[in-house]
Colleague: 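I am attaching a structure below and will ask some questions about it afterwards.
Counting starts at 1 for both ligands and their atoms, in listed order.
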Amino acid sequence: MTVRTDEWMPRARKLAEELVAIGKLWSAPWQEAVCAVPRHELVPDVLRWDPDGSWHRLDTTTDQGQREWLDHVYSNRALLTAVADRWESRSLRSSSSMPGLMTRMLETLQVREGNRVLEIGTGTGYNAALLAHRLGDTHVFSVDIEPDLVELARKRLARIGYHPTLVVANGTNGLPEHAPFDRIIATCAVSAVPWAWIEQTNPGGILLTDLKTAPGAGNLVRLTRYPDRAEGRFDPTYAAFMDLRHHPAAQTPNRPRPRRHCSTETEQRTTTLDPRTPWASLVVWFLASFDLGAHTSLGYRRPDENGKPTVTAITAADGSWAEVTLADDHGVHQVTEGGPRQLWKIIEDTYTTWTKLGQPSWNRFGLTVTKNQQQIWLDTPTSSHSWLLTSAQLCDIP
Ligand SMILES: C[S@@+](CC[C@H](N)C(=O)[O-])C[C@H]1O[C@@H](n2cnc3c(N)ncnc32)[C@H](O)[C@@H]1O
């Protein structure tokens, strides 16, 4: 399939203008890169979920299909590009993130000419292409755990003239054979920051990653490398990447699924805290994750006859669980809890603490990473309000 320059270039320019207008792109070199990189060459296969849970490829065999695909590719949308169909039907293996998220991250990374950059999570290679366009091939390194994705990205990048160093590897180890780097950017989420990344960053260098202490619990954090540690603040705007995996997705599911206790003993009570709180106040969910544990799941469950969920459900690795009815009686919701711990009580207590602290948003929080511990703090690294990452969160990462 050939796409003429006059078909994709105006679309790429329009995308860059749109990203500038919404504040996701501001510097001239990145604007130039977005206009110049033919994203469509890296995402020939875009997938879409059907309502029945299966997926299909966007059809590019007709003129109309090709136009729709191009519009899709040059829009501020995440593109689903690879799914694992072996162990779970709806499981995402790779995606090309929203261009606005990528450019915001590249801007936040404060890349300078001459920097050597390592990306964790090559995926389609689009981000690597933007980096290679700006810095040159020899300064860009990117790893992905999926061999087929790396192979495809290598071929497609070469076809459009980019030759960054791409390696099949578990990104938790960084890329020691090419270290040190001036910048490390991870486009997948980690439950703790691997110390290897810090060791492989030059002093004064910057690391940007999505820290998720439990599913959905955390945000992008930008760290500066000091001799003994890395430290920095969370991004003001929430973002969520797919989790880093320790094996290719075709082999194994990612996080262990929390299981419910067999015990039928439950406690019933009421709450006035809105059951949507973990989603509506993501900082609360993040702070609660330190007590709930890394292997916690959260969701809307128990659909009614119209398919609408009726409860918020939380389960933890020790078998504790809680369900809170979405329907209320004058602001009062029913809570059912089972297992050794009262999970909704943890959310309620965290909400109270967060409110007493003045309901701080993401940019008031920061992270300090040393070889032996990782600590979240409010406002300053020496604050009396701090939260240590648990051994389970640290254990997921070497
Ligand atoms: C959101 S995608 C990255 C998008 C990519 N930067 C792009 O421009 O298309 C996340 C990627 O992280 C990869 N990944 C997951 N676990 C990994 C690991 N342990 N090491 C390296 N890559 C990993 C996935 O295979 C996936 O391709």
Side-chain angles (χ1 to χ4, degrees), residues 15 30 33-34 37-47 72-74 76-84 86 91-106 108-109 111 117-134 140-157 160 162 164-176 178 183-194 196-197 200 208-212 220 239-255 396-398:
L15 173 62
W30 288 127
V34 172
V37 171
R39 188 179 192 215
H40 65 278
E41 292 280 359
L42 302 164
V43 288
D45 294 322
V46 175
L47 314 174
H72 211 67
V73 166
Y74 291 99
N76 189 22
R77 265 183 282 205
L79 305 175
L80 175 58
T81 52
V83 289
R86 275 214 220 148
S91 179
L92 180 58
R93 202 155 65 94
S94 191
S95 62
S96 182
S97 314
M98 288 173 81
L101 172 57
M102 283 192 261
T103 52
R104 180 158 69 83
M105 285 177 75
L106 291 170
T108 304
L109 200 61
V111 172
V117 181
L118 170 64
E119 179 194 32
I120 314 292
T122 312
T124 63
Y126 179 58
N127 207 36
L130 293 173
L131 283 162
H133 185 84
R134 166 114 191 237
V140 180
F141 303 81
S142 182
V143 302
D144 202 291
I145 199 156
E146 304 284 342
D148 59 329
L149 297 187
V150 172
E151 210 35 57
L152 278 175
R154 198 192 314 282
K155 265 196 218 143
R156 290 171 181 164
L157 283 165
I160 54 173
Y162 300 116
T165 302
L166 302 189
V167 179
V168 179
N170 183 345
T172 46
N173 306 317
L175 192 58
H178 291 285
R183 302 285 185 269
I184 295 189
I185 177 170
T187 54
C188 43
V190 284
S191 63
V193 181
W197 294 1
Q200 292 173 30
L208 181 63
T209 187
D210 182 15
L211 179 78
K212 289 279 185 293
L220 292 176
F241 276 92
M242 59 194 293
D243 286 343
L244 176 138
R245 300 182 293 269
H246 293 288
H247 305 280
Q251 284 176 13
T252 171
N254 198 23
R255 296 183 192 253
D396 269 359
I397 296 291

Colleague: Could you check whether Arg39 and Ser96, counting side-chain N and O atoms only, form a donor-acceptor pair closer than 3.5 Å?
Modeller: yes
Colleague: Has Arg134 got a side-chain atom pairing as donor or acceptor with Val111's backbone, closer than 3.5 angstrom?
Modeller: yes
Colleague: Between Asp144 (side chain only) and Val168 (backbone N and O only), is there a donor and an acceptor less than 3.5 Å apart?
Modeller: no
Colleague: Is it the case that the side chain of Arg183 and the backbone of Leu118 share a donor-acceptor pair, with hydrogens and angles ignored and the cut-off at 3.5 Å?
Modeller: no
Colleague: Would you call Lys212 and Asp210 a salt bridge, taking side-chain N to carboxylate O under 4.0 Å as the test?
Modeller: yes
Colleague: Protein N/O near ligand 1 N/O, under 3.5 Å, which pairs?
Modeller:
unit_1, atom_1, unit_2, atom_2, d
ligand 1, 6 (N), Glu119, OE2, 2.9
ligand 1, 6 (N), Gly121, O, 2.9
ligand 1, 6 (N), Thr187, OG1, 3.1
ligand 1, 8 (O), Asn127, N, 3.1
ligand 1, 9 (O), Thr124, N, 3.0
ligand 1, 9 (O), Thr124, OG1, 2.7
ligand 1, 16 (N), Arg245, N, 2.9
ligand 1, 19 (N), Asn170, OD1, 2.8
ligand 1, 19 (N), Arg245, O, 2.6
ligand 1, 20 (N), Gly171, N, 2.7
ligand 1, 22 (N), Ile145, N, 3.3
ligand 1, 25 (O), Asp144, OD1, 2.7
ligand 1, 25 (O), Asp144, OD2, 3.4
ligand 1, 25 (O), Arg245, NH2, 2.9
ligand 1, 27 (O), Ser94, OG, 2.8
ligand 1, 27 (O), Asp144, OD2, 2.7

Colleague: Quick one: are Pro176 and Gln200 in side-chain contact, heavy atoms under 4.5 Å?
Modeller: yes
